[in-house]
Amino acid sequence: MCGIVGILGKNPVALDVVEALRRLEYRGYDSAGVATLEDGQLTRRRAEGKLRNLEQKLSREPLNGLIGIGHTRWATHGRPSVPNAHPHATDKLAVVHNGIIENFAEFRAELEAEGYRFESETDTEVVAHLVTREINRGLKPIEAVGAVLPRLRGAFALAFLFSGEEDLLIGARNGPPLAVGIGDGEMYLGSDAFALAPFTNMIAYLEDGDWAILHRNAVEFRDVTGKVVQRPAQMVAAGAALVDKGNHRHFMAKEIHEQPEVVTHTLTTYIDMVSASVRMPFKETLDWSQVERLSMSACGTAYLAGLTARYWFETLARVPCDIDVASEFRYREPPLAPRNGVAMFLSQSGETADTLASLRYAKSQNQTILSVVNVPTSTIARESHIVAPITAGPEIGVASTKAFTCKLVTLASIAIAAGRARGTISVAREQELVRELIMLPGLMTQALKTEVQIERLAHKLSKARDVLYLGRGTSYPLALEGALKLKEISYIHAEGYAAGELKHGPIALIDEDMPVIVVAPHDHLFEKTASNMHEVAARGGRIILITDEKGAAETTIPTEATIIMPTMAPTFSAMVYAIPVQLIAYHTALVMGKDVDQPRNLAKSVTVE
Ligand code: M6R
């Protein structure tokens, strides 16, 4: 993930910018850069590779400006290179960016037609030219940024520096985090408080959709509508730990909210944004065209990620595929493919005892072992032939959230690669699917906006004794995941069911006391799920529907609440619908006063049977 820093200082800032960037190195990067104002003129230094390369450049050609922005780039659009490194600049401004601007291609075409010249392959450079165009039309820098931000689609954080403006930086956030650090006559911007710890411990966080106008002695926050809002600064413990909660009460909340950003990181690992194709980050080759069977195994939420991915491996790659919970798989002695079998093991920690034992069994059966893990140095990773990292970053909350969605992105990418190798999807279909994946961070950012509604709903849910979750297709594993999340942190009994199974048993439970949470994007199965909702309504059940505009418009029965998700193509809806499902569990547990991050009886890493 890219890192952003900005400093309005009293002394030359370039080396401080680099120091702050060093504290963002943990996010991963492949080039870095800094821009300052020298006598009001924008001057940049950029270098490929590690920060020491940038430092060497700065020692040969120092920058003396008292105001600057800096960036560590994790390549998304365009390979790691100096021209693609940030800051991107015009004669009017320099900008650094974390995230994806989804609609950059249409802006680029429009700007090029007007004579704007591009120097890089990045999506970021369109932002530089869009704001420059507004300044060329006569707007002041603040007005120009205000005019451009509402036109950008996607999940992004931005920082701007303007030529001739010695006392102005602007930061903006739509998805990935951005913090403002308040010093004594100095002001800072950073991707997190940790980056700013050497300079200040007074931190104010931008809310989603906010932008901040920084001067040395004042900062003004504006919300998505442009209205001035208050974002109080808080004292962050000195030397803030690398994994802190940011401005969230719990790690789980932070991890839910950082999904647009970490999912972007996973996307950049598996996707070439420019050609809209998948690429595998591991050097070992796996010839999917020869694979006869895929056997997956995992526990808990990791298992449910695999259950979701089975739909993709079957429909996109037409690979025969089974999945079982690891505690059963390891003792079942299942016959595995005698030739060309792949066994896949999914695990956030990479240490789960049952998953590891299943891996060892599959290895004894001559399967190619592919692990999908968050901790690349874990035992499961070390014992695998091929490791697919999910790059979610440290997950601290016991209830797994971001590791679930990052696993799904990884698995979707592998399924697309398998489909291409097996000839079951065309290049055009691959591009279409990849473009759908690229939209995910933006869609997740929109999905997070349901939180206020979910907070209200949580008060009612907290009084329930039992909750039923229903879904079809990939919404079925998500129904199971919803029930698991609610159980583990609120201790309310919950069950997930395939909606079609309702009339085979669970319908007997329906009464006016039991909430039924229906996960139903408007896809090819929507009508079927709608019939199941009628069956629930006919028995006086309380329906909470998670759907999109179209699904809501076609739902004729009354619901207790309808949570509207952004409209999207159906294949990967589970990644976006996971967000309200996670928020429901989080807020219900919160209302009930439970220990959200460390629920009773549970461990983050289950290394015993
Ligand atoms: O580290 P792993 O992904 O192998 O862990 C598997 C399960 O223990 C884990 O997903 C557990 O179910 C979580 N608490 C779910 O939120």
Side-chain angles (χ1 to χ4, degrees), residues 250-256 259 262 266 296-309 323-330 343-360 362 369-384 387-411 469 477-492 494-496 574 578-579 581-589 594-609:
H250 299 98
F251 282 110
M252 185 181 177
K254 176 184 175 241
E255 287 157 5
I256 291 173
Q259 286 177 106
V262 292
T266 313
M296 294 195 269
S297 187
C299 300
T301 291
Y303 163 73
L304 297 173
L307 203 59
T308 313
I323 172 153
D324 200 356
V325 286
S327 54
E328 289 300 314
F329 183 95
R330 65 181 289 189
M344 189 190 275
F345 299 91
L346 310 150
S347 177
Q348 188 285 128
S349 61
E351 302 294 347
T352 302
D354 284 323
T355 310
L356 182 59
S358 299
L359 180 157
R360 288 176 178 159
I369 309 296
L370 169 58
S371 63
V372 177
V373 293
N374 196 29
V375 183
T377 50
S378 59
T379 313
I380 287 177
R382 282 186 274 114
E383 294 198 15
S384 300
V387 180
I390 66 166
T391 71
E395 189 180 67
I396 310 296
V398 165
S400 187
T401 52
K402 63 176 181 169
F404 178 65
T405 44
C406 289
K407 252 183 234 119
L408 291 182
V409 171
T410 305
L411 291 163
Y469 286 75
L478 196 54
L480 296 173
E481 171 63 1
L484 174 62
K485 279 293 84 91
L486 190 68
K487 270 189 281 223
E488 69 177 329
I489 59 170
S490 75
Y491 319 143
I492 294 175
E495 296 295 336
I579 288 194
V581 161
Q582 296 164 350
L583 287 171
I584 285 173
Y586 173 73
H587 283 289
T588 305
K594 303 299 183 205
D595 186 347
V596 174
D597 279 336
Q598 284 173 347
R600 70 183 181 205
N601 308 338
L602 289 175
K604 182 67 184 159
S605 177
V606 184
T607 53
V608 291
E609 264 194 79

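Each residue takes its place number in the sequence, starting with 1. Remember, it's 1-based here, ligands and their atoms both numbered in the order they're listed.
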### Query
Near Gln348, which atoms of ligand 1 are under 4.0 Å from a heavy atom of that residue?
1 (O), 2 (P), 3 (O), 4 (O)

### Heavy-atom nearest neighbour in the protein, as seen from atom 1 (O) of ligand 1, with distance rounded to 0.1 Å
Ser349 OG, 2.7 Å

### Query
Which ligand 1 atoms are under 4.0 Å away from a heavy-atom of Ser400?
15 (C), 16 (O)

#### Entry: Heavy-atom closest pair, residues Gly496 and Ala483
N-CB, 3.5 Å

### Query
Side chains of Lys594 and Thr588: is there a donor and an acceptor less than 3.5 Å apart?
no

### Task
Using a strict cut-off of 4.0 Å, indicate which atoms of ligand 1 neighbour a heavy atom of Ala302.
3 (O), 10 (O)

#### Entry: atom 5 (O) of ligand 1: nearest protein contact (heavy atom, Å)
Thr352 OG1, 3.5 Å

### Message
Going by ring-ring contact (aromatic ring centres under 6.0 Å, His included), name the residues that satisfy it together with Tyr586, two or more places apart in sequence or in a different chain.
### Response
His250

### Side-chain heavy atoms of Ile396 within contact of Lys254, under 4.5 Å
no

### Task
May I ask you to list the atoms of ligand 1 that are less than 4.0 angstrom from any heavy atom of Glu488?
13 (C), 14 (N), 15 (C), 16 (O)

#### Entry: Ser384 to Leu359 - nearest heavy-atom pair and separation
OG-CD1, 3.7 Å

### Query
Relative to the heavy atoms of Lys485, which atoms of ligand 1 are at a distance of less than 4.0 Å?
15 (C), 16 (O)

### Query
Where do Gly482 and Val581 come nearest, in terms of heavy atoms and distance?
CA-CG1, 3.2 Å

### Task
Please check if any side-chain donor atom of Thr405 sits under 3.5 Å from a side-chain acceptor atom of Gln259, or the reverse.
yes

### Message
Tell me whether the count of non-hydrogen atoms from other residues, nucleotides or ligands lying under 6.0 Å of CD in Glu351 goes above 12.
### Response
yes

### Query
Would one find an N or O of Gly300, backbone or side chain, under 3.5 Å from an N or O of ligand 1?
no

### Query
Any N or O on Thr355 sitting closer than 3.5 Å to an N or O of ligand 1?
no

### Message
Please confirm whether Glu351 approaches ligand 1 to less than 4.0 Å, judged on its heavy atoms.
### Response
no

## Note on the structure
Looking only at protein heavy atoms, what sits closest to atom 8 (O) of ligand 1 is Val606 CG2, 4.0 Å

### Summary
By side chain to side chain donor-acceptor pair (under 3.5 Å), Gln348 pairs with (sequence neighbours left out) Asn374

### Message
As an exercise, identify every atom of ligand 1 less than 4.0 angstrom from a heavy atom of Val398.
### Response
13 (C), 14 (N), 16 (O)

### Summary
Candidates Ile489, Val325, Thr301, Ile390; heavy atom nearest atom 11 (C) of ligand 1 found on Thr301

### Message
Salt bridge or not between Lys402 and Glu395? Use side-chain N to carboxylate O under 4.0 Å.
### Response
no

## Note on the structure
min-distance protein heavy atom vs atom 6 (C) of ligand 1 -> Cys299 O, 3.3 Å

### Query
With atoms numbered from 1 as shown, which atoms in ligand 1 lie under 4.0 angstrom from a non-hydrogen atom of Ala399?
16 (O)

